[in-house]
Amino acid sequence: MSKILIIEDEKNLARFVELELQHEKYDTHVEYNGRKGLEMALNEEWDAILLDLMLPELNGLEIARRVRQSKSTPIVMMTARDSVIDRVSGLDHGADDYIVKPFAIEELLARLRAVLRRVEIEDSQGTSNLAKQKIVKFNDLVIETSNRTVHQDNKIIDLTKREYNLLITLIENANNVVSRDQLLHKIWGPDSKIETNVVEVYIRYLRNKIDVKGRPSYIKTIRGTGYVMRTDDSVVKSDQNEQTE
């Protein structure tokens with residue numbers, strides 16, 4: 001039986017979600033306060049956390065960030081904010097998925113099943129061949145996979161979990177175009193409901209961190225297709241269908 005922590009200060013909504021999860025045979029616990037919710041998230045083992053964004057004492061973004069410092073527990077964020085920036089902010093702070101209020105309970109249950117299934121798939125598949133290497137080099141980028149650290153010109157580049165996974169995926173497919181849908185499937189999971197424009201936002205974030213002023217961008221956009229990282233810049237210059245967003 002999967003254990004689910006619900007951190008939600010709207011008591012009627014929290015009770016409704018709790019009852020529906022219990023009906024689906026989940027073991028649940030509810031916290032209405034952000035600080036107490038964080039304590040429960042850190043001090044006990046959970047299969048997933050349903051996390052409200054706006055909470056008393058400690059908001060959902062801060063809870064997600066602190067949980068991610070020590071745990072990989074799947075987090076589904078429940079929020080009334082539905083702009084791309086708000087959703088990306090939640091994902092950046094460690095959420096695995098999000099659902100916008102008001103929501104149908106069937107959608108919440110589907111998203112919860114999806115993140116739990118994603119964990120099972122990742123555990124069964126293990127790490128990729130590239131990730132098994134201790135040191136990965138791509139032009140002037142040096143990646144230590146053991147601690148997921150990226151170096152460039154002897155400086156450490158601070159990447160979020162998804163930015164790092166996005167970089168590794170593009171390097172694994174160097175010289176091959178990877179579509180937005182493929183990146184969604186790989187980084188967010190096959191059952192993710194996240195829109196492809198979130199991928200574009202993360203590509204921009206990653207470019208801002210790894211690109212060097214005055215040099216060609218590492219990540220090239222192929223119009224209507226996806227993205228590619230080339231090992232040979234001369235190939236980039238000769239391809240008229242490529243552009244940098």
Side-chain angles (χ1 to χ4, degrees), residues 1-83 85-103 105 107-123 146-149 158-165 187-189 191-194 198:
M1 181 182 294
S2 297
K3 288 180 60 179
I4 311 298
L5 174 61
I6 304 166
I7 309 177
E8 169 63 67
D9 67 329
E10 294 181 39
K11 293 188 177 181
N12 289 338
L13 176 59
R15 181 59 177 161
F16 171 67
V17 171
E18 180 183 32
L19 289 174
E20 291 291 336
L21 292 183
Q22 290 174 351
H23 180 72
E24 297 293 325
K25 309 303 181 185
Y26 291 105
D27 182 11
T28 63
H29 178 83
V30 178
E31 289 291 346
Y32 306 107
N33 176 282
R35 196 166 298 280
K36 291 182 179 178
L38 176 62
E39 291 176 4
M40 289 297 297
L42 295 178
N43 294 333
E44 295 194 25
E45 294 302 316
W46 305 95
D47 293 295
I49 300 171
L50 300 181
L51 178 61
D52 184 24
L53 181 61
M54 303 302 295
L55 292 161
E57 294 196 29
L58 204 63
N59 67 49
L61 293 179
E62 184 62 17
I63 292 172
R65 186 187 70 80
R66 295 193 191 183
V67 169
R68 277 294 166 265
Q69 290 177 343
S70 58
K71 293 192 172 187
S72 59
T73 310
I75 297 173
V76 177
M77 189 163 284
M78 302 183 294
T79 174
R81 300 179 178 179
D82 62 353
S83 72
I85 297 301
D86 286 327
R87 286 174 286 177
V88 168
S89 179
L91 296 169
D92 261 351
H93 282 76
D96 294 87
D97 203 350
Y98 58 83
I99 186 167
V100 178
K101 299 177 182 178
F103 51 77
I105 190 63
E107 182 181 1
L108 177 63
L109 292 171
R111 289 178 183 272
L112 180 58
R113 289 192 297 268
V115 296
L116 292 173
R117 186 160 54 247
R118 198 179 310 158
V119 171
E120 292 179 0
I121 292 173
E122 290 175 353
D123 289 343
S146 59
N147 55 15
R148 302 169 69 91
T149 302
D158 184 21
L159 299 181
T160 66
K161 176 184 176 181
R162 284 195 175 82
E163 288 168 352
Y164 175 87
N165 290 339
I187 309 301
W188 282 273
D191 301 304
S192 174
K193 304 297 182 182
I194 295 171
V198 172

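Ionic pairing of Arg113 and Glu24 is not present here: no N-O contact between side-chain nitrogen and carboxylate oxygen is shorter than 4.0 angstrom.
The environment of CE in Met40 is crowded: more than 12 heavy-atom neighbours from other residues, nucleotides or ligands sit within 6.0 Å. Environment of CG in Asn12: sparse, with no more than 12 heavy atoms of neighbouring residues, nucleotides or ligands closer than 6.0 Å.
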Inset, instruction - Tell me, with the steps shown, if Leu21 and Leu50 meet side chain to side chain contact (heavy atoms under 4.5 Å, CB included). - result: CA-CA 11 Å; Leu21 292 183; Leu50 300 181; 3.8 Å; yes
Legend entry - Test log, rule side chain to side chain contact (heavy atoms under 4.5 Å, CB included), inputs Glu8 and Val30: CA-CA 7 Å; Glu8 169 63 67; Val30 178; 5.7 Å; no
Inset, instruction - Test side chain to side chain contact (heavy atoms under 4.5 Å, CB included) on Glu31 and Leu55 and set out the steps. - result: CA-CA 10 Å; Glu31 289 291 346; Leu55 292 161; over 6 Å; no
Inset, instruction - Let me see the working for Glu20 and Leu108 under side chain to side chain contact (heavy atoms under 4.5 Å, CB included), right down to the final yes or no. - result: CA-CA 10 Å; Glu20 291 291 336; Leu108 177 63; over 6 Å; no
Inset, instruction - Given salt bridge (charged side-chain N to carboxylate O under 4.0 Å, His left out), test Lys3 with Glu44 step by step and report yes or no. - result: CA-CA 10 Å; Lys3 288 180 60 179; Glu44 295 194 25; 3.6 Å; yes
Legend entry - salt bridge (charged side-chain N to carboxylate O under 4.0 Å, His left out) between Arg68 and Asp96, worked out: CA-CA 11 Å; Arg68 277 294 166 265; Asp96 294 87; 2.7 Å; yes
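Rounded to the nearest 0.5 angstrom, Leu51 CG and Met77 CE are separated by 4.5 Å. Taking CZ of Arg66 as the start and CD of Glu39 as the end, the distance is 10.5 Å to the nearest 0.5 Å. In this structure, the separation between CD1 on Ile63 and CD1 on Ile49 is 8.5 Å, given to the nearest 0.5 Å. Note that OG1 of Thr28 and CG of Leu19 are 8.0 Å apart. Values are rounded to the nearest 0.5 Å. The line from CD of Gln22 to CE of Met1 is 9.5 Å long, rounded to the nearest 0.5 Å. The CD1 atom of Ile6 lies 9.0 Å from the OH atom of Tyr32; values are rounded to the nearest 0.5 Å.
Minimum heavy-atom separation, Met78 to Asp52: O-OD1, 3.1 Å. The two residues Trp46 and Thr73 make their nearest non-hydrogen contact at O-CG2, 3.3 Å. Nearest heavy atoms, Asp47 versus Ser2: OD2-CA, 3.2 Å. In terms of heavy-atom proximity, Val198 sits nearest to Tyr98 at CG2-OH, 4.5 Å.
A distance-only check finds a donor-acceptor pair linking the side chain of Lys71 to the backbone of Ala41 [under 3.5 Å].
In terms of the side chain to side chain contact (heavy atoms under 4.5 Å, CB included) criterion, residue partners of Ala48 (sequence neighbours excluded) are, by chain and number, Ile4, Pro74, Leu112, Leu116. Listed by chain and number, the residues in a side chain to side chain contact (heavy atoms under 4.5 Å, CB included) with Asn33 are Arg35, Lys36, Pro56, Glu57 (sequence neighbours excluded).
Side chains of Leu53 and Asn59 form no contact here, defined as non-hydrogen atoms less than 4.5 Å apart.
Remark: the Arg148 side chain and the Asn165 side chain contain an N/O donor-acceptor pair separated by less than 3.5 Å.
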